[in-house]
Amino acid sequence: MVWVNTIVQGVLLGGLYALFAIGLSLAYGVMRLVNIAHGDFIVLAAYIGLLVVTTLGVHPFVALPAVVVLMFLLGYLLQRGVLNLTLGPDILPPLLVTFGLSIIIQNVLLESFSADSKALEIGPLQTASIHLGEQIAVGWFPLIMFLVALALTVGLELLFARTPLGMAFRATSDDQQIAQLMGIRNRHVYGLAMGISFALIAVGGVFMGIKTTFTPDLGPGFLLFAFEAVVIGGLGSFWGTFAGSVILGVAQGIGFQLNPGWGILAGHLVFLAVLLFKPTGLFARTR
Amino acid sequence: MLSVHNLEAYYGDFQALFGIDFEIAAGETVAIIGANGAGKSTFLKTICGLMRTPPDTVRFEGAPIGGAGASEIVKKGIALVPEGRRLFRSLSVEENLRIGGFAGRGGAWTLDRVYELFPILKDKRDAPAPSLSGGQQQMVAIGRALMSNPRLLMCDEVSLGLAPIVVKDIYDALPDICTGGLAVIVVEQDIETALRMSDRVYCFMHGKVSLTGRSAELSHEQISAAYFGL
Amino acid sequence: MSAAERDYLIERVTLASRIGLVLASVAIAALISLPWWGESSTMRLIVELICYLVLAQMWNLLAGYGGLISIGQQAFFGIGGYSLFLLANSAGINPFVSILLGGLIAAAFAVPTSAVVFRLQGGYFAVGTWVVAEVYRLLVMNAPVLGGGSGQSLRAMLQFSKSTRESVTYWVALAIAVGGVGLIYWLLRSRFGLALTAIRDSEAASESQGVDVRRYKFFVYVLAAFGSGLVGALYYVNALRIAPDAAFSIGWTASIIFIVVIGGIGTIEGPVIGTIVFFLLRELLADYGSWYMIGLGLVAVVVMVKWPRGVWGFVQQKFDLRFFPVQRRVRFIEPARTDEPVSRES
């Protein structure tokens, strides 16, 4: 029964990873951009959340919309001001620029907030849980996180499949030259894509800050989790990314249960296994 | 409606167009013929903004449009049916058509009217674009361009890779398209078709205009000479 | 006469490269003699500088010529380092010989690693190499025999006197620097280098010309792993203490990316310049902690956006200077005529 609980916790952890991963999947899907600073922006969102909470004295859930809006604007401006200038046939510039941003963000956060652990407090909700039987405890907060991730995944799928913006995203990703002939302004569309990606990052960052204590150096780890979730799930599908996140969460949970030092390693090994045996991912949609 | 004066175009250091002069009036159908590499597609790309040009070389309805980007130019009323169709793979047939209307120009061309023009597309409206045959894809590409309600429609090698009967079907639909003063530029490899359906013709060779005149009045010798440079 | 009818020579050597060769020879001779008149701290600094330089050359080979942007070379750096400790401490092999073996072991690890990471492309390939480096780090951390999280010291060096240890380490480093740069230069001048440049410019076109792209990439990847492993072992012969977080740190990649970007990617001179700039900045600004890192990051971002070809790329474009002439130039030769001077063009 301990193992059932482990899996349940792993699935719920997958909710957090999905929040990390769908933003990465979106940016890659629309622009073929891999944002090396993705994880660092998640951490940044948590610190922004902390700032809002401490200066306005509000509950983190109340601060969340403010962080989402701020991060959306940041993502849009970053894309239009910096990243659009790097997009082109060469994959090196966007990688290196985002790599540089990663270093800048980590060190700016370090200078501004020091290396002390911080956290976003939500009071009793943090530890409240539902008990199913003797050995399985489903925390309210992890459950909320999971459901929010699920809702956002559904929302993204609908956005892409049913809305004009989603059509513009898909068209621009298919053929950015011809998309211009439709009156689509690529630079603006890319900005919106990054803005939405950052909005998702904001949700992930705030939830992360609630779930665990955070420090400026956690970014790279989160990037790797998000990346692994996307690859395990397969490209071209947000559902795939969600599934990949859950698988990653479960793998880490099982690994951790076997030996605390092996938690993250287990996730890496599952990632490598998928890469070796099904490189296109488990739920890839051909795009 | 469109006038081009001394247009040059470069791919990096390579010069593709050397001082092209070109005119088309409302309601005219003008054909551009020429061998591969003569610069015909490049010319269309510069008109619709996919390639940048100096401001004063291209004037559309009196105003200079050189230097404007493609997304602006389509809003002014110039639409391109690109070489090789280039439909959006991730979109269905209907989505490809609807996205053609994103330029926001109102007008007579609506989704229903495109389906009237090409009824087969209505049956396949939800199919993914790549699943259609070449001829059907060409219809979608034309419909997509029409959805922006252009004043000038440019068709780049519509017949490429299609069976002659299919090409005939498509070009037979052209008169239904050319209403309301729509000007049409047709780039074609098939000289007979090009001459038959156009009012005037330009012949390109090595990035220059080697011949221009009324399609009905040019002789085969003149065209051969201009086309092949003999 | 049309171009096809004129006589021409294919040339490599330029005036700049000849001058450069002379200057380099003088410099190398001076450096070799350093242990007799220089200080320990200077030698250690030069060894460290050489480590960064060769690492940067390897990354440049991978990214600038092979089109493989890896942010996980620290995997092989760490493997080389830990191989040194295993061989020298546990197996009693001479530490200096272990440097070479460390490179070979890293290359061996690169073979299965490539099978995995080559499944990915572009940006995903980059992050994938990072995941692999993390896997190696975690495996080492969880292995008590390698010292676990706290690492170990290079006890095997105690058998040498301080001056012997320092001098030999220094000379080995010089040999690696000259050998490494020389090897890369020779490689790029060869047909291999021509194929690499073609692949970098267009994979599809190269394939159609019969170039086995996968094999070239594999070879470059393994070679870069060898170089990185070699440097890893050398670094820890110099530093004498290893720990997994440091050996497998992404910081190595960050530094060498900075070096290559600033100096000029896709050139051999670039990493040399970049390393010098990097060390200068480090000497000047290291006291400022995170501001130093922020500054480095900002410089890298700005350079990448405005001058993507780096300092040397810019110089190369403006002045057409090449100290390591890898290009071939065509020089037309006019036939000599009695009354007219011989004219030359390239």
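Hydrogens, waters and symmetry mates play no part in the numbers below; they use all other heavy atoms, side chains included.
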Between [X] and chain C, with a heavy-atom cut-off of 4.5 Å, which part of the residue counts as in contact: side chain, backbone, both or neither?
| X | value |
| --- | --- |
| A:Leu276 | both |
| A:Glu228 | side chain |
| A:Pro220 | both |
| A:Ile104 | both |

Checklist entry - Is any side-chain heavy atom of C:Leu296 less than 4.5 Å from a side-chain heavy atom of A:Ile103? => result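 Result no, sub-4.5 Å side-chain heavy-atom pair not found.
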Item to check | chain A contacts, top residue of C:Gly297, C:Ala63, C:Gly123, C:Ser290 (heavy-atom pairs, under 4.5 Å) | outcome: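 It is C:Ser290.
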Checklist entry - Which one, C:Leu139, C:Val303, C:Val116, leads in non-hydrogen pairs under 4.5 Å with chain A? => result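 Option with the greatest count: C:Val116.
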Does any backbone or side-chain atom of [X] lie under 4.5 Å from a heavy atom of chain A? Answer side chain, backbone, both or neither.
| X | value |
| --- | --- |
| C:Val135 | both |
| C:Ile257 | side chain |
| C:Ile71 | side chain |
| C:Val132 | side chain |
| C:Tyr124 | both |
| C:Ala300 | neither |

Checklist entry - For C:Val301 and A:Val97, which heavy atoms make the closest approach, and how far apart are they? => result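 For C:Val301 versus A:Val97, the nearest heavy atoms are CG2-O, 3.6 Å.
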Item to check | Considering all heavy atoms, the nearest C:Ala126-A:Leu95 contact | outcome: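 For C:Ala126 versus A:Leu95, the nearest heavy atoms are CB-CD1, 4.0 Å.
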Checklist entry - Counting heavy-atom pairs under 4.5 Å to chain C, which of A:Leu110, A:Leu96, A:Ile36 comes out on top? => result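 Answer, by heavy-atom pair count under 4.5 Å with chain C: A:Leu96.
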Next on the checklist: Taking CH2 in A:Trp262 as the centre, count heavy atoms belonging to other residues, nucleotides or ligands within less than 6.0 Å. Is the count above 12?
Outcome noted: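 Count not over threshold, so no.
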Checklist entry - Are A:Phe99 and C:Ile69 close enough, and set up right, to give a side-chain contact (heavy atoms from CB on, under 4.5 Å), and what steps lead you there? => result CA-CA 12 Å; A:Phe99 195 89; C:Ile69 294 143; over 6 Å; no
Item to check | Option passing side chain to side chain contact (heavy atoms under 4.5 Å, CB included) with C:Val127 (candidates A:Val230, A:Val34, A:Leu24, A:Val231) | outcome: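 For C:Val127, the side chain to side chain contact (heavy atoms under 4.5 Å, CB included) test succeeds with only one of A:Val230, A:Val34, A:Leu24, A:Val231, which is A:Val34.
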Item to check | Nearest-0.5 Å distance, CE of residue C:Met304 to CG of residue A:Leu92 | outcome: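 Going from the CE atom of C:Met304 to the CG atom of A:Leu92 covers 4.5 Å.
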